[in-house]
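A short write-up of the structure that comes next.
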Amino acid sequence: MTLRIYNTLKRKKELFEPVEDGRVRMYVCGPTVYDSCHIGHARSVVTFDVIARYLKAKGFDVTYVRNFTDVDDKIINRANQLGIDPLTLAEKYISEFHDDMEALHVEKATIEPRATEHIDGIIKVIEMLIEKGFAYNINGDVYYSVEKFEGYGKLSGRRMEDMEAGARVDIDKRKHNPFDFALWKSSKPGEPTWDSPWGKGRPGWHIECSAMSAEYLGETFDIHGGGKDLIFPHHENEIAQSEAAFGKTFVRYWIHNGFVNINQEKMSKSLGNFIVLKEMIKHYHPEALRLFLLSKHYRSPVDFTDKAMNEAVSGLDKIYGLLERIEKQFGPVSGKDKTRNTTAFQGQFCLAMDDDFNTALGIAALFETVRNMNRLLDELQKRAHSPQLQNKNSFSQDAEDKVRSGRADILKMGAILGILNESPEDYFAKKRSTGLEKKSIDSEMIDKMIKERIEARKAKNWARADQIRDQLDEMNIIIEDRPEGTIWKVKA
RNA sequence: GGCGGCAUAGCCAAGUGGUAAGGCAGCGGUCUGCAAAACCGCUAUUCACCAGUUCGAAUCUGGUUGCCGCCUCCA
């Protein structure tokens, strides 16, 4: 059970060895709260949610810090446009973020610090950097001097000389080097400001993460994550700040998730193709989104399409379908079920997750378990209908044990992936009612028609039964005659 | 201009030296009054192309082509 993680800094997979045995300290860059979350945010948050869940399941004591950037140019601009206070705007989107994440079944981070609540810590780090000669003050603006930090560029793999060649960087003559970045920005009218040794102002973007991670996780910690786009300049700058200020290795393992494309196009505001999370979960089950996102490796790009989402929905239906089948036959999960041997989980699934959180491979293990359990239930059903078979009882006892263990397996895998949070009844009931809403059909009418069809079938009036089924089909309702009774579904 | 990534069946996708997971779709079968669901079987002698290393390569090396990302706010 050795976990290997792809480390962006080293550009290879490495054995994971935390600073302190049995503990993991991890920091993930959260959103700048100036707008609603889109599915790109969802990918990052879900990726690290699964990583945190898995580390906990492996027995680590996990301290997970995910920050909010609640003071920033974008927030100020947006607030000015709307004529409201920037901090009020930030508050609104923080609360929206929480709502979205709850809907997505994202577990709460241990600590969710905000930049504006850590101004003192930020100022302290800037003072250290000035003192050590890594930063300079120009009329109340404090800049970090990238040339002073020897390792600058080591995360993103770029050298200063290369970057200058074709770089598109704003020319600020006051900076010693075009790549020098702001640690502290002097205040302009209408902006939130704090007192500092350099006058009134506000922190730059990168410094908050150096200050807050040090406060909650120490000067060296285990995992730092975020989207690939943050590698440069944000994370490069964080390393420069923290290692210069504290004189220690900042982070041991850097993890970066890939992007979400929409119909093979980069998702961007200018293309107008970004998908807001709370809109999308009106159309798709949040767990289907998680299953979709996790069915590709976290470092690869994923292409969001309705087709891909519908495939995820089919997969989720299949899993819940099995859970429903088991529950109908053996009842809900019992206390005893929770302590069962979960061989597929401990074997295939954990092996996959141990290899750089290979959720796609883990999901394959989940589906294989689903198929195995369905097969067993089929066999059980077959035997029940053939009275000549011997040892029926011992087989069914054995099968029940296996099925219960299989369900425990599936639920354990689901708990890492953050899916299968609902009871199968609720899942399908909700699906039916939202399906009806969309097509504006009345469920009482359906029940009435199904009752009539059951009567017709009892009387072996197949013509009438099929006629009713055809009518329902026209209403986008699908019928399944199961051994336990007739159920219906709404067509996707 | 600089840096980096990717190319596996109809589609999505895992697989970094030992002979191609899983999902979706399709077809055939079992089951069913007929269906649906579920299960079984089939669907890549082959992993963009060329050359090389090796007993052996989708996996390593070199080259070619194509796609994409970052270097500017961005998950």
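Lettering of chains follows the sequences in order, A, B, ..., and the numbering in each one begins at 1. Note: hydrogens, waters and symmetry copies are ignored here, and every other heavy atom, side chains too, is used. Since we're looking at a predicted model, the values are computed, not measured.
Comment: A:Lys451 does not engage A:Asp447 in a salt bridge, judged by the lack of any side-chain N to carboxylate O separation of less than 4.0 angstrom. The residues A:Arg404 and A:Asp401 are annotated as not salt-bridged, no charged nitrogen and carboxylate oxygen being separated by less than 4.0 angstrom. Using a 4.0 Å cut-off between charged nitrogen and carboxylate oxygen, A:Arg453 and A:Asp481 count as a salt-bridge pair. Salt bridge A:Glu324/A:Arg482: present, at least one basic N to carboxylate O contact under 4.0 Å.
You'll find that the side chain of A:Phe367 is closest to B:rG22, out of B:rG22, B:rA14, B:rC74. Nearest to the side chain of A:Ser314, among B:rA21, B:rC74, B:rC24, sits B:rC24. Here B:rA13 is the nucleotide among B:rC74, B:rC70, B:rA13 with the atom lying nearest to any side-chain atom of A:Ala360.
Comparing A:Gly40 and A:Arg11 by the nucleotide of RNA chain B that holds the closest heavy atom to each, the one mapping nearer the 5' end is A:Arg11. Residue order along RNA chain B, read from the 5' end via each residue's closest nucleotide, puts A:Val302 first among A:Gly258 and A:Val302.
Atom P of nucleotide B:rG23 and atom CG of A:Leu322 are separated by 13 Å, given to the nearest angstrom. The distance from atom NE2 of A:His297 to atom C1' of B:rU16 is 13 Å, rounded to the nearest whole Å. Remark: P of B:rG15 and CG of A:Asp355 are 7 Å apart, rounded to the nearest angstrom. Rounded to an integer number of Å, the gap from A:Met309 CE to B:rC24 C1' is 13 Å. If you measure from atom OH of A:Tyr320 to atom C1' of B:rG23, you get 18 Å, rounded to the nearest angstrom. A:Leu361 places its CG atom 14 Å from the C1' atom of B:rU16, with the value rounded to the nearest Å. Between the NZ atom of A:Lys228 and the C1' atom of B:rC68 there is a distance of 11 Å, rounded to whole Å. Rounded to an integer number of Å, the gap from CZ of A:Arg299 to P of B:rU16 is 11 Å.
Rounded to a whole angstrom, the distance from the C1' atom of B:rC70 to that of B:rC27 is 45 Å. Rounded to a whole angstrom, the distance from the C1' atom of B:rC60 to that of B:rG15 is 16 Å. Nucleotides B:rA58 and B:rA9 are separated by 14 Å at their C1' atoms, to the nearest Å. Spacing of P atoms, B:rA36 relative to B:rC31, comes out at 14 Å, to the nearest Å. Separating the P atom of B:rG22 from that of B:rU54 is a span of 35 Å, rounded to the nearest Å. Comparing the C1' positions of B:rA51 and B:rC11 gives a spacing of 32 Å, expressed to the nearest Å. Separation of the P atoms belonging to B:rU46 and B:rA13 is 23 Å when rounded to the nearest angstrom. The same atom, P, is picked in B:rG26 and in B:rA37; the two are 9 Å apart, to the nearest Å.
Contact annotation: the side chain of A:Val50 never approaches that of A:Phe357 to less than 4.5 Å [non-hydrogen atoms, C-beta and beyond].
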Using a 3.5 Å limit on both pairing distances, list the dot-bracket string of RNA chain B from the 5' end; Watson-Crick and G-U wobble pairs count, crossing pairs take [ ], interstrand pairs take |. ((((((((.[[[..)..(...]]].(((((.......))))).....[[[[[..)....]]]]])))))))....
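For the pair A:Arg43 and A:Phe259, the cation does not sit on the ring face, since its NZ or CZ is not both under 6.0 Å from the ring centre and inside 45° of the axis. Figure legend: A:Lys13 and A:Tyr6 shown without cation-pi pairing, the cationic atom not lying both under 6.0 angstrom from the six-membered ring centre and within 45 degrees of its axis. Both tests do not hold together for A:Arg66 against A:Phe48: distance to the six-membered ring centre under 6.0 Å, angle to the ring axis within 45°. Figure legend: A:Arg432 and A:Trp488 shown as a cation-pi pair, the cationic atom lying under 6.0 angstrom from the six-membered ring centre and within 45 degrees of its axis.
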Output one letter per nucleotide in nucleotides 30-42 of chain B: B when a protein non-hydrogen atom lies under 4.0 Å from the base, S when only the sugar-phosphate is that close, - when neither is. ---BBBBSBSS--
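For B:rG22, the base has no donor-acceptor partner in the side chain of A:Glu368 [N/O atoms by modelled type, under 3.5 angstrom].
Residue A:Leu377 is classed as having no contact, given no heavy-atom separation below 4.0 Å to the nucleic acid. When heavy atoms are screened at a 4.0 angstrom cut-off, A:Gly321 is found touching no nucleic acid atom at all.
Applying the 4.0 Å criterion to OP1 and OP2 of B:rC24, one finds that A:Asn310 has every side-chain N and O outside that range.
Every pair passing salt bridge (Lys or Arg N to Asp or Glu O under 4.0 Å) that includes a residue from residues 359-379 of chain A is listed here, sequence neighbours excluded: A:Arg325-A:Asp378, A:Glu379-A:Arg383.
Heavy atoms of other residues, nucleotides or ligands lying less than 6.0 angstrom from CD of A:Gln471 number more than 12.
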